[in-house]
Amino acid sequence: MRIATWNINSLRARTGILAQLVRERAPDVICLQETKVEDDLFPHGLFDELGYAHRVINGIRNYHGVALVSRLPFSDCGRRDWCDKVDGRHVHATVEGVDIHSVYVPAGGDIPDPLENEKFAHKLAFMSAKTAWWAAQRDDGVPRILLGDLNVAPLETDVWSHKQLMNVVSHTPIEIEHLLAWQQAGGWIDAVRHLVPDDRKIYSWWSYRAKDWRAADRGRRLDHAWVTSALTPALGGCEIMKDARDWTRPSDHVPVLIDLKL
DNA sequence: ATGGTTGGGGTCCAA
């Protein structure tokens, strides 16, 4: 089973390159973040045409929004809200016995101080809530995979410059502490780093604001796939589709793909 | 230190 995760930065603005992902990689399951479309306006027809008949969506007007679409049927699915907000950040479905989650962590604003910046406080609270929720499910033996835009680049090799980004939201010590606490509490294994050595720089996001994103290569690895230990032996491969950053009207994030040998 | 770009919905906010 091939699973893709992609912060698509508006589903309706990217129908062409969504079809391109399907043509080029044919994922069985696609987890999307930043769909920017409320549920009543969700483009169901597009996914019917592409062959993704099974869908669970959690979208709001204007911002955020997540979806999980599949060619294979669900045996269960649902959506969850966090931190007393209805802001479209989590959907899940069980496919081929695997519990799959599409998650969008709050970006956190510009100032990395929870006292000065409410958005940063929300980001930390969101990760703490996830930590507690998954700690309760740790060691239940369920094959589980969590994918999405987690908006944190934890390793030094997940950013173009560790020194220059240490005080920049997405790579601050407090965010990394929260992310790793969440990962450890749930018994999660970073699937991409399980397959790619830690000393190799890998990014999934490049800002729109660079004149030449490829030449500057000031990227960050914000998009992740984590698995529980029951799934580690099934990890067959991964790909970060860097070339997608040059597709027509690209998202600033590229798809991350995981292959599971079930 | 600053400003750079994108999308959505409506002339500003979130990323």
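By convention in this document, chain letters (A, B, ...) are assigned in the order of the sequence lines, proteins followed by strands, and residues within each chain are numbered from 1. None of the values given here were measured: they were computed from a predicted structure.
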Could you state the atom-to-atom distance from [atom1] of [X] to [atom2] of [N] in whole Å?
{"X": "A/Asp110", "N": "B/dT2", "atom1": "CG", "atom2": "P", "result": "13 Å"}
{"X": "A/Trp206", "N": "B/dG4", "atom1": "CH2", "atom2": "C1'", "result": "19 Å"}
{"X": "A/Asn9", "N": "B/dG9", "atom1": "CG", "atom2": "P", "result": "13 Å"}
{"X": "A/Leu18", "N": "B/dG7", "atom1": "CG", "atom2": "P", "result": "15 Å"}
{"X": "A/Arg245", "N": "B/dT5", "atom1": "CZ", "atom2": "C1'", "result": "9 Å"}
{"X": "A/Arg218", "N": "B/dT5", "atom1": "CZ", "atom2": "P", "result": "15 Å"}

Side chain to side chain contact (heavy atoms under 4.5 Å, CB included) against A/Ala129, all qualifying residues, sequence neighbours excluded: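 By the side chain to side chain contact (heavy atoms under 4.5 Å, CB included) rule, A/Ala129 matches A/Trp82.
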Under-4.0 Å side-chain N/O to phosphate OP1/OP2 contact, A/Arg14 with B/dG7: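 For B/dG7, OP1 or OP2 has a side-chain N or O of A/Arg14 closer than 4.0 Å.
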If the [atom1] atom of [N] is compared with that of [M], how far apart are they to the nearest Å?
{"N": "B/dA14", "M": "B/dG9", "atom1": "C1'", "result": "13 Å"}
{"N": "B/dG3", "M": "B/dA15", "atom1": "C1'", "result": "16 Å"}
{"N": "B/dT6", "M": "B/dG10", "atom1": "P", "result": "22 Å"}
{"N": "B/dT2", "M": "B/dG7", "atom1": "P", "result": "27 Å"}
{"N": "B/dA1", "M": "B/dT5", "atom1": "P", "result": "22 Å"}

Upstream residue (5' side of DNA chain B) when A/Ala13 and A/Ser207 are each assigned their closest nucleotide: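 Its nearest nucleotide being more 5', the pick is A/Ser207.
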Comparing A/Arg61 and A/Arg249 on DNA chain B - which has the more 5′ nearest nucleotide: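 On the 5' side of the pair lies A/Arg249.
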I'd like to check the ring-ring contact (aromatic ring centres under 6.0 Å, His included) partners of [X]; sequence neighbours left out, ordered by chain and number.
{"X": "A/His54", "value": "none"}
{"X": "A/His178", "value": "none"}
{"X": "A/His194", "value": "none"}
{"X": "A/Trp247", "value": "none"}

Crowding at CG, A/Asn167 (>12 non-hydrogen neighbours, <6.0 Å):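 Atom CG in A/Asn167 is not packed in, count stays at 12 or less.
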Side-chain H-bond candidate by donor/acceptor type, A/Asp190 with A/Trp226, under 3.5 Å: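 There is no such pair (donor and acceptor under 3.5 Å, judged by atom type) between the side chains of A/Asp190 and A/Trp226.
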For nucleotides 11-15 of chain B, give me every protein contact, N/O to N/O, under 3.5 Å, one pair per line with atom names.
unit_1: B/dA15; atom_1: OP1; unit_2: A/His64; atom_2: ND1; d: 3.3
unit_1: B/dA15; atom_1: O3'; unit_2: A/Glu34; atom_2: OE1; d: 3.4
unit_1: B/dA15; atom_1: N6; unit_2: A/Arg209; atom_2: NH2; d: 2.7
unit_1: B/dA15; atom_1: N1; unit_2: A/Arg209; atom_2: NH2; d: 3.1

